[in-house]
Peer 1: 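Here you go, one structure.
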Protein chains: 2
Amino acid sequence: MANWFQRATRRTVSAAVRPRHDHSPAVVNRVQLGELSPTLDAYLGQAAYLQLSLFQTLGAAMATAPTIDAKEVLSRVAAMSLAKHHALVAEIERREPSAVRLMEPYTERIDAFHRITQGNDWYELLTTGYVVSGILNDFFIRLAAGLPPEAAARVTAVLSDDAGLELIVAELRAAIDAHPALASRLALWGRRLVGDTLLIARSALAVPELSGPDEARLEPIFTELIAAHTRRMDVLGLTA
Amino acid sequence: MANWFQRATRRTVSAAVRPRHDHSPAVVNRVQLGELSPTLDAYLGQAAYLQLSLFQTLGAAMATAPTIDAKEVLSRVAAMSLAKHHALVAEIERREPSAVRLMEPYTERIDAFHRITQGNDWYELLTTGYVVSGILNDFFIRLAAGLPPEAAARVTAVLSDDAGLELIVAELRAAIDAHPALASRLALWGRRLVGDTLLIARSALAVPELSGPDEARLEPIFTELIAAHTRRMDVLGLTA
């Protein structure tokens with residue numbers, strides 16, 4: 001089983017990280033994400049509500065944490081996630097009295113994403129917190145390049161704090177060390193999550209529908225997101 | 001129905017607030033609660049874990065909030081509750097490396113209390129957040145009189161911030177105005193909660209078992225807690 005995961009992962013990653021054209025992938029992506037950024041309103045509405053959804057995932061994980069230590073650690077991560085949500089709401093409220101008005105168009109889609117990423121137990125829920133916040137923070141930081149510079153700088157500062165992820169890593173590593181059979185189950189769950197998370201990220205772009213060649217231009221962005229996700233799963237000793 | 005509540009409440013309150021002996025109730029209570037305070041460790045372990053439990057109630061209420069506005073308001077209240085928990089943990093960690101060790105003896109009892117106070121829907125859950133935090137903050141602030149003075153001052157400052165309660169009041173009043181039939185249901189639910197909440201408060205005292213006459217000396221404390229609770233329910237237009 002482990003070998004199959006290993007092999008499949010290597011194949012995916014090696015195909016995915018090969019740069020197209022002659023640009024370095026980083027340059028290609030930065031330029032393209034700037035072009036594809038939604039309006040500041042749409043960006044903040046989605047980023048703020050996604051952060052609230054992530055907080056709810058972490059809150060749910062607290063309720064079923066196997067130890068009081070784990071619950072206490074999660075309470076820290078949940079507080080950080082809630083602080084990010086409130087910082088994004090504060091960013092909205094610099095220009096607009098109702099943060100809710102800006103979040104509302106995205107709540108149905110994000111609530112649906114939330115429901116299908118809750119998993120079957122504490123371990124899967126915690127993996128969701130790790131995988132989803134890793135990919136989405138990464139994505140929204142890159143996407144911020146297309147926002148007005150001052151807002152971009154503030155938003156990037158908010159989203160770049162990944163102290164919460166480090167705390168989750170410690171919990172998940174301890175869980176996997178204690179129950180090695182978790183590794184393949186969580187690796188599978190992680191793959192399920194990547195698909196759904198990339199879809200919700202894709203839906204945040206300013207271009208809902210693209211023709212084939214233009215859609216292909218998005219590929220390097222997702223390739224980079226997947227490569228960063230793969231590195232985060234490596235940290236857990238899990239194949240992506 | 002409303003009359004029955006009204007009559008029953010008046011009777012309870014008038015019997016309950018009558019002072020025994022010649023002391024004013026405030027003086028009687030303050031002296032007695034000082035005598036009955038648990039050790040600082042036991043106080044902080046229980047107060048911190050109860051605050052975490054309250055946070056989880058508010059987090060659960062967020063998940064079923066009927067509007068995005070309500071969810072956003074609850075996210076503020078939840079953040080305040082979590083901040084109180086972390087401030088109490090920080091108070092523990094001034095003297096003791098593991099806050100979890102101090103909370104652990106109380107988690108089973110408090111988790112059981114948490115389970116039976118979750119109610120049937122969002123309105124009951126929100127009422128739980130209001131009633132339980134109102135009574136318990138009140139109780140622990142009074143109980144702090146028996147702690148070492150510096151710790152008492154810090155803990156009292158943490159627990160005295162009731163900005164969260166004010167936000168819940170606005171949500172609950174709006175809900176009751178919109179659905180007047182809620183008033184009698186939530187009044188009943190509030191009565192159920194008072195009993196359980198006073199029991200968990202009683203269990204925090206340094207005297208698990210008292211003889212009849214000594215147990216009677218606790219009455220004025222609970223009388224005061226109930227009177228303060230009654231005032232909080234009045235604010236909602238509900239009979240206690």
Side-chain angles (χ1 to χ4, degrees), chain A residues 45-46 48-90 92-93 96-111 114-115 118 125 164 167 171, chain B residues 45-46 48-90 92-93 96-111 114-115 118 125 164 167 171:
Chain A
Q46 290 176 87
Y49 198 72
L50 279 165
Q51 206 63 54
L52 195 62
S53 171
L54 267 169
F55 160 73
Q56 290 190 260
T57 297
L58 296 163
M62 275 179 66
T64 56
T67 67
I68 309 301
D69 271 300
K71 182 180 284 207
E72 184 57 30
V73 167
L74 272 171
S75 81
R76 304 271 162 188
V77 184
M80 290 176 205
S81 180
L82 206 44
K84 284 185 184 178
H85 165 70
H86 288 136
L88 292 167
V89 164
I92 293 175
E93 291 175 345
E96 150 79 36
S98 166
V100 168
R101 195 181 68 76
L102 259 54
M103 294 190 287
E104 202 120 47
Y106 312 104
T107 57
E108 199 176 315
R109 188 198 294 156
I110 293 172
D111 286 347
H114 179 79
R115 278 191 296 276
Q118 294 308 287
L125 208 44
L167 290 170
E171 285 301 312
Chain B
Q46 290 177 87
Y49 198 73
L50 278 166
Q51 206 63 54
L52 194 61
S53 172
L54 267 169
F55 161 73
Q56 291 191 260
T57 297
L58 296 164
M62 273 178 67
T64 56
T67 65
I68 308 301
D69 271 301
K71 180 180 285 206
E72 185 56 31
V73 167
L74 272 171
S75 81
R76 305 269 161 189
V77 184
M80 290 175 205
S81 179
L82 206 44
K84 283 186 185 176
H85 165 71
H86 289 136
L88 292 167
V89 164
I92 293 175
E93 290 174 347
E96 150 78 38
S98 166
V100 168
R101 195 183 67 77
L102 259 55
M103 295 191 286
E104 201 120 44
Y106 312 105
T107 56
E108 199 175 316
R109 188 198 292 157
I110 294 172
D111 286 348
H114 179 78
R115 278 190 297 275
Q118 294 307 287
L125 207 45
L167 289 172
E171 285 300 312

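Below, chain A is the first sequence line, B the second, and so on; all start at residue 1. Note that the structure is a prediction, hence the values are computed from the model and not measured.
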Peer 1: Given the rule in the side chain to side chain contact (heavy atoms under 4.5 Å, CB included) test, do A:Tyr49 and A:His114 qualify, once you have shown the distances and angles that lead to the verdict?
Peer 2: CA-CA 11 Å; A:Tyr49 198 72; A:His114 179 79; over 6 Å; no
Peer 1: Checking heavy atoms, do the side chain of B:Ser75, its backbone, both or neither come under 4.5 Å from chain A?
Peer 2: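 For B:Ser75, the contact with chain A is made by backbone and side chain together.
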Peer 1: Heavy-atom distances under 4.5 Å only: say whether B:Arg76 touches chain A with side chain, backbone, both or neither.
Peer 2: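 Both parts, backbone and side chain.
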Peer 1: What pair of heavy atoms forms the shortest contact from A:Leu58 to A:Ser81, and how long is it?
Peer 2: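 Scanning both residues completely, I find the closest heavy atoms to be CD1-CB, 3.8 Å.
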Peer 1: So which heavy atom on A:Gly45 is nearest to which on A:Tyr106, and how close?
Peer 2: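 Looks like C-CD1, 4.1 Å.
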Peer 1: Out of A:Ile68, A:Thr67, A:Asp111, which one racks up the most heavy-atom pairs below 4.5 Å with chain B?
Peer 2: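 Most pairs with chain B among the choices: A:Ile68.
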Peer 1: For the pair B:Glu171 (side chain) and B:Leu167 (backbone), establish whether a donor and an acceptor sit closer than 3.5 Å, ignoring hydrogens and angles.
Peer 2: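 Not confirmed, B:Glu171 side chain does not pair with B:Leu167 backbone.
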Peer 1: Counting heavy-atom pairs closer than 4.5 Å to chain A, which one of B:Met103, B:His85, B:Glu104 comes out on top?
Peer 2: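 Heavy-atom pairs under 4.5 Å are most numerous for B:His85.
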Peer 1: In terms of heavy-atom proximity below 4.5 Å to chain A, should B:Leu82 be classed as side chain, backbone, both, or neither?
Peer 2: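 Just its side chain gets close to chain A.
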Peer 1: So if I apply the side-chain contact (heavy atoms from CB on, under 4.5 Å) rule between A:Arg101 and each of A:Ser98, A:Pro105, A:Pro97, which one comes out positive?
Peer 2: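 Among A:Ser98, A:Pro105, A:Pro97, the one meeting side-chain contact (heavy atoms from CB on, under 4.5 Å) with A:Arg101 is A:Ser98.
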